[in-house]
Amino acid sequence: MADDNPPRVLATPAALALIATLRAQHGPILFHQSGGCCDGSSPMCYPQGEFIIGDQDVLLGEIGGAPVYIGAAQFGVWRHTQLIIDVVPGRGGMFSLDNGTEQRFLTRSRTFSGEELCRLDTPHANAPIG
C-alpha cells in the first residue's frame, strides 16, 4: 500500500523556510538532484518551466510544494537511500535560486531499512515513486 511507503525525499524546517521564501519571490519552483555538482550533495533549485524535465528524470516526491527530481542513472545508485534536503550557510550553485541568499541547499541521506526497501515501489520515469 503506497501510504505505508516511506517518503524518498524529506526537508528540514530550515529548508522548508528557504523554499517558502524562494516560492514567494519566484513563484513555483522545482529541485533537480544532479550528480555533477559537489559530488551530488547540492540539489539545484529552479523556477518551474525554466528547467526541462527529461524522460529519464524520476520524480522522488515533493517538499514544501516543490517537486524533487533525480536523473535515472543517479537514482539507480541512490535508490536505497532517503534524501533529506537541508540548508547550510554558503553560496548555492550558479544557476540555482538559492545563490545569493547566503544559504545553500544540501542533500543529506540515510539508508532505508530492509523492511522499508521491500515496501518501496518500482520507479517509473516522471512518475512519483512510492
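None of these values were measured; they are calculated from a predicted model.
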Same apolar cluster (I L V M F W Y, side chains within < 4.5 Å links), [X]/[Y]:
| X | Y | answer |
| --- | --- | --- |
| Leu10 | Ile63 | no |
| Val9 | Ile84 | no |
| Phe75 | Val77 | yes |
| Ile70 | Leu106 | no |

Can you give me the closest heavy-atom contact between [X] and [Y], atom names plus distance?
| X | Y | answer |
| --- | --- | --- |
| Leu97 | Leu22 | O-CD2, 3.5 Å |
| Val88 | Arg108 | CG1-NH2, 3.7 Å |
| Leu59 | Pro67 | CD1-CB, 3.7 Å |
| Gly65 | Arg23 | CA-NH1, 3.5 Å |
| Ala15 | Val87 | CA-CG2, 3.3 Å |
| Thr12 | Asp86 | OG1-OD1, 2.8 Å |

Worksheet item: salt bridge (Lys or Arg N to Asp or Glu O under 4.0 Å) between Glu62 and Arg8: does it pass, once the steps are laid out?
Response: CA-CA 9 Å; Glu62 195 173 281; Arg8 288 205 173 261; over 6 Å; no

Is any side-chain heavy atom of [X] closer than 4.5 Å to a side-chain heavy atom of [Y]?
| X | Y | value |
| --- | --- | --- |
| Glu116 | Arg110 | yes |
| Leu120 | Pro6 | yes |
| Gln82 | Pro7 | yes |
| Thr107 | Ile85 | yes |
| Phe105 | Met44 | no |
| His32 | Phe51 | yes |
| Asp57 | Asp55 | no |

Worksheet entry | Phe95/Tyr46 aromatic ring centres below 6.0 Å |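 Not close enough - the centres of the two rings lie 6.0 Å or further apart.
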
Distance from [X] atom [atom1] to [Y] atom [atom2], nearest 0.5 Å?
| X | Y | atom1 | atom2 | result |
| --- | --- | --- | --- | --- |
| Phe31 | Ser96 | CZ | OG | 7.0 Å |
| Ser109 | Leu83 | OG | CG | 6.5 Å |
| His26 | Glu50 | NE2 | CD | 9.5 Å |

Item to complete: Using the side-chain contact (heavy atoms from CB on, under 4.5 Å) rule, pick out the option among Ile53, Leu60, Val58 that qualifies with Tyr69.
Response: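 Exactly one option meets the side-chain contact (heavy atoms from CB on, under 4.5 Å) with Tyr69, and it is Ile53.
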
Worksheet item: Could you walk me through whether Ile19 and Ile29 pass the side chain to side chain contact (heavy atoms under 4.5 Å, CB included) check?
Response: CA-CA 8 Å; Ile19 290 167; Ile29 62 174; 4.0 Å; yes

Worksheet item: Does Pro89 offer a backbone N or O that forms a donor-acceptor pair with the side chain of Gln103 under 3.5 Å?
Response: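 Answer holds: no.
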
Fill in: Carboxylate-amine/guanidinium proximity below 4.0 Å for Arg104 and Asp98
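Salt bridge absent between Arg104 and Asp98.
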
Discussion item. Taking atom CD as the centre, does Glu102 end up with more than 12 heavy-atom neighbours from other residues, nucleotides or ligands that are less than 6.0 angstrom away?
Written reply: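 More than 12 within 6.0 Å, yes.
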
